[in-house]
A.B. asks: 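Have a look at the structure that comes next, please.
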Amino acid sequence: MIDMRNIVKAFYIGTPNELEILHNINFKMREGEFVSIVGQSGSGKSTLMNLLGALDKPTSGTYILEGEDISGLTDNDLSDIRNQKIGFVFQTFNLIPRSNALRNVELPMLYLGMETSRRIRRARELLDMVGMSDRMRHLPNELSGGQKQRVAIARAMANDPSIILADEPTGALDSATGQLVMDIFHELHEQHGKTIVLITHNERLAAETQRIITLEDGNVVGERANTPRMIR
């Protein structure tokens, strides 16, 4: 499903300040896997997520997503891929402040051109799935951090993407609320068959995933599969 080959990402190319963040990254994921990418701040995790999520393009190397080389696609083509194939969950939630939970979940479907009645019905179903059906008319500032993240997960699922990318999704939450959010990811993986990439510095959360990729200074320095007893 995901095959990154010899990926390099650099900034300020051709200037004295040129900086290479990712060095010859090779990364593969099979459909239906739950994988974590771990590393300290500055290790290149967020840069790698931006490439995985088609938010940015590699400086060199090849990125095959579901059999298609997307490394050289136009920005419009990448936008379509993000809208249809990838769901994003961020540490800071990224909800639209003036739209209630229902409208936030509807938004990706609106961009897809889905008719109003259908997208409202699906948004309601998704909010119910994450336990937020009684808060669908609330604005983000009327929700707790955990509730905001559950809305964000419902939004990520709006267009039924094949991949969920979660960037430090529990970073702004206390440990108990963070575990509730992780439980939702497990449900999406186990019951809905979603492929999930978890970006985290938290080894305890990473231990709940099937495979752990470790980044350090822009290099993959380790990869290990978890034994069944390590997975919840």
Side-chain angles (χ1 to χ4, degrees), residues 1-4 27-39 45-46 48-55 64-67 81-91 93-94 105 108-109 122-123 125-133 145-173 175-215 220 222-232:
M1 167 171 273
I2 290 176
D3 186 358
M4 305 190 90
F27 175 80
K28 290 186 178 182
M29 275 189 74
R30 298 183 301 275
E31 184 177 359
E33 272 195 291
F34 192 169
V35 173
S36 55
I37 298 175
V38 301
K45 300 190 307 296
S46 293
L48 179 56
M49 179 184 168
N50 287 341
L51 298 181
L52 286 167
L55 292 165
I64 308 295
L65 177 63
E66 295 189 327
I81 285 172
R82 291 193 300 271
N83 186 245
Q84 298 172 29
K85 295 186 177 183
I86 303 171
F88 296 91
V89 181
F90 298 98
Q91 177 178 345
F93 321 123
N94 289 7
V105 177
M109 295 179 277
R122 177 156 177 79
E125 291 171 353
L126 290 169
L127 286 168
D128 183 59
M129 182 188 73
V130 298
M132 288 294 292
S133 58
Q147 290 171 337
K148 290 177 186 176
Q149 198 60 293
R150 281 187 277 167
V151 173
I153 293 171
R155 181 185 59 189
M157 287 287 291
N159 289 336
D160 196 23
S162 48
I163 301 167
I164 300 291
L165 293 183
D167 188 9
E168 299 283 6
T170 66
L173 308 175
S175 58
T177 305
Q179 189 57 59
L180 291 175
V181 168
M182 283 297 293
D183 289 344
I184 295 175
F185 286 124
H186 285 297
E187 179 182 348
L188 294 177
H189 173 243
E190 296 164 7
Q191 299 182 24
H192 299 269
K194 296 301 176 184
T195 303
I196 301 177
V197 183
L198 173 70
I199 312 291
T200 184
H201 68 276
N202 190 320
E203 291 281 353
R204 181 182 62 80
L205 296 181
E208 296 188 26
T209 67
Q210 295 173 312
R211 188 158 54 98
I212 300 173
I213 309 293
T214 302
L215 277 185
V220 174
E223 178 176 346
R224 69 183 188 272
N226 280 331
T227 58
R229 63 183 175 81
M230 293 177 69
I231 303 172
R232 68 183 284 281

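The structure presented is a predicted model; accordingly, all values stated were derived computationally and were not measured. This chain uses plain numbering: 1 for the first residue, then up along the sequence.
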A.B. asks: With a 3.5 Å distance limit and no angle check, can you tell me whether Gln147 reaches the backbone of Met132 through a side-chain donor-acceptor pair?
C.D. replies: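 Pair absent, no side-chain N/O of Gln147 close to backbone of Met132.
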
A.B. asks: Please round to the nearest 0.5 Å and tell me the distance separating atom CE of Met4 and atom CG of Leu65.
C.D. replies: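 Nearest 0.5 Å value for the CE-CG distance: 9.5 Å.
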
A.B. asks: Does the distance from a Lys or Arg side-chain N to an Asp or Glu carboxylate O, for Glu203 and Arg224, drop under 4.0 Å?
C.D. replies: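 Yes, this pair counts.
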
A.B. asks: Within the distance-only criterion (no hydrogens, no angle test), does the side chain of His189 pair as donor or acceptor with the backbone N or O of Thr195 below 3.5 angstrom?
C.D. replies: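 Pair absent, no side-chain N/O of His189 close to backbone of Thr195.
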
A.B. asks: Do Phe185 and Ile153 have side-chain heavy atoms sitting under 4.5 Å apart?
C.D. replies: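 A side-chain contact exists here, since the closest heavy-atom pair is under 4.5 Å.
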
A.B. asks: Indicate yes or no: at least one non-hydrogen side-chain atom of Leu55 is less than 4.5 angstrom from one of Phe88.
C.D. replies: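 Touching, per the 4.5 Å side-chain cut-off.
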
A.B. asks: Tell me, do Ile86 and Ile81 make a side-chain contact under 4.5 Å, heavy atoms counted?
C.D. replies: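 They are in side-chain contact.
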
A.B. asks: Search all heavy atoms of Thr177 against all heavy atoms of Gly146 and return the closest pair with its distance.
C.D. replies: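 For Thr177 and Gly146, the tightest heavy-atom pair comes out as CG2-CA, 3.4 Å.
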
A.B. asks: Any chance you could measure Leu180, atom CG, to Ser175, atom OG, to the nearest 0.5 Å?
C.D. replies: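 Rounded to the nearest 0.5 Å, the CG-OG separation comes out at 10.0 Å.
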
A.B. asks: State, yes or no, whether a side-chain contact exists between Leu215 and Val220 at a heavy-atom distance under 4.5 Å.
C.D. replies: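 Yes. Closest side-chain heavy atoms under 4.5 Å.
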
A.B. asks: Mark yes or no for whether Glu31, through its side chain, and Met1, through its backbone, hold a donor-acceptor pair below 3.5 Å.
C.D. replies: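 Between the backbone of Met1 and the side chain of Glu31 there is no qualifying donor-acceptor contact (under 3.5 Å).
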
A.B. asks: Quick one: pull up CD1 in Ile37 and CG in Leu48 and give me the separation to the nearest 0.5 Å.
C.D. replies: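 Result: 4.5 Å between the selected atoms.
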
A.B. asks: Heavy atoms only: give me the nearest Ala156-Ile164 pair and the separation to one decimal.
C.D. replies: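 Nearest heavy atoms, Ala156 then Ile164: O-CD1, 4.0 Å.
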
A.B. asks: Could you walk me through whether His186 and Phe34 pass the side-chain contact (heavy atoms from CB on, under 4.5 Å) check?
C.D. replies: CA-CA 9 Å; His186 285 297; Phe34 192 169; 3.8 Å; yes

A.B. asks: So which atom in Ala206 and which in Val38 form the shortest heavy-atom distance, rounded to 0.1 Å?
C.D. replies: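 Smallest interatomic distance, heavy atoms only, reads CB-CG1, 3.5 Å.
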
A.B. asks: Checking Arg211 now: which residues fulfil side chain to side chain contact (heavy atoms under 4.5 Å, CB included) with it, not counting sequence neighbours?
C.D. replies: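 Residues passing side chain to side chain contact (heavy atoms under 4.5 Å, CB included) with Arg211: Met29, Glu33, Val35, Ile213, Glu223.
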
A.B. asks: With respect to Ser36, which candidate in Thr209, Asn202, Thr200 satisfies the side-chain hydrogen bond (donor to acceptor under 3.5 Å, both in side chains) definition?
C.D. replies: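 Going through Thr209, Asn202, Thr200 one by one, the side-chain hydrogen bond (donor to acceptor under 3.5 Å, both in side chains) with Ser36 is satisfied by Thr209 alone.
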
A.B. asks: Which heavy atom in Lys148 sits nearest to a heavy atom in Phe93, and how many Å separate them?
C.D. replies: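 Looking at all heavy atoms of both residues, the closest pair is CD-CD1, 3.6 Å.
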
A.B. asks: State which residue, out of Arg150, Gln191, Glu187, fulfils the side-chain contact (heavy atoms from CB on, under 4.5 Å) condition with Met129.
C.D. replies: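 One option only clears the test, and that one is Glu187.
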
A.B. asks: Do Val130 and Val151 touch side chain to side chain, with heavy atoms closer than 4.5 Å?
C.D. replies: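 They are not in side-chain contact.
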
A.B. asks: Restricting to side chain to side chain contact (heavy atoms under 4.5 Å, CB included), what partner residues turn up for Pro108, sequence neighbours left out?
C.D. replies: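 Counting only residues at least two positions away or on another chain, Pro108 forms a side chain to side chain contact (heavy atoms under 4.5 Å, CB included) with Asn83, Arg155, Ala158, Asn159.
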
A.B. asks: Measure the spacing between OG1 of Thr170 and CE of Met182 and express it to the nearest 0.5 Å.
C.D. replies: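 One gets 7.0 Å once the value is rounded to the nearest 0.5 Å.
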
A.B. asks: State whether the side chain of Arg82 and the backbone N or O of Ala54 hold a donor-acceptor pair below 3.5 Å, judged by distance alone.
C.D. replies: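 Between the backbone of Ala54 and the side chain of Arg82 there is a qualifying donor-acceptor contact (under 3.5 Å).
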
A.B. asks: With a 4.5 Å heavy-atom cut-off, do Leu52 and Ile163 have their side chains touching?
C.D. replies: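 Answer no - side chains too far apart.
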
A.B. asks: Just how far is it from atom NZ of Lys45 to atom OG1 of Thr214, taken to the nearest 0.5 Å?
C.D. replies: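 Separation between the atoms: 11.0 Å.
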
A.B. asks: Do you know the tightest heavy-atom contact between Asn226 and Glu208?
C.D. replies: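 Reported closest heavy-atom pair: ND2-N, 4.5 Å.
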
A.B. asks: A quick test of your reading: do over 12 heavy atoms of other residues, nucleotides or ligands sit less than 6.0 Å from CZ of Arg204?
C.D. replies: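 Yes.
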
A.B. asks: Just by modelled atom types, is the Pro161 backbone N or O under 3.5 Å from a matching donor or acceptor in the Lys194 side chain?
C.D. replies: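 Indeed, once roles are kept as given, a pair shorter than 3.5 Å links the two residues.
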
A.B. asks: Any heavy-atom pair between the side chains of Phe27 and Ile2 that's under 4.5 Å?
C.D. replies: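 When only atoms from C-beta onward are counted, Phe27 and Ile2 do touch, with a gap below 4.5 Å.
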
A.B. asks: Please name the pair of heavy atoms, one in Asp167 and one in Ser46, separated by the smallest distance, quoted to 0.1 Å.
C.D. replies: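 Minimum heavy-atom contact is OD2-OG, 3.7 Å.
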
A.B. asks: Given 3.5 Å as the limit, does a donor-acceptor pair link the side chain of Gln149 with the main chain of Phe90, or not?
C.D. replies: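 A pair under 3.5 Å: yes.
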
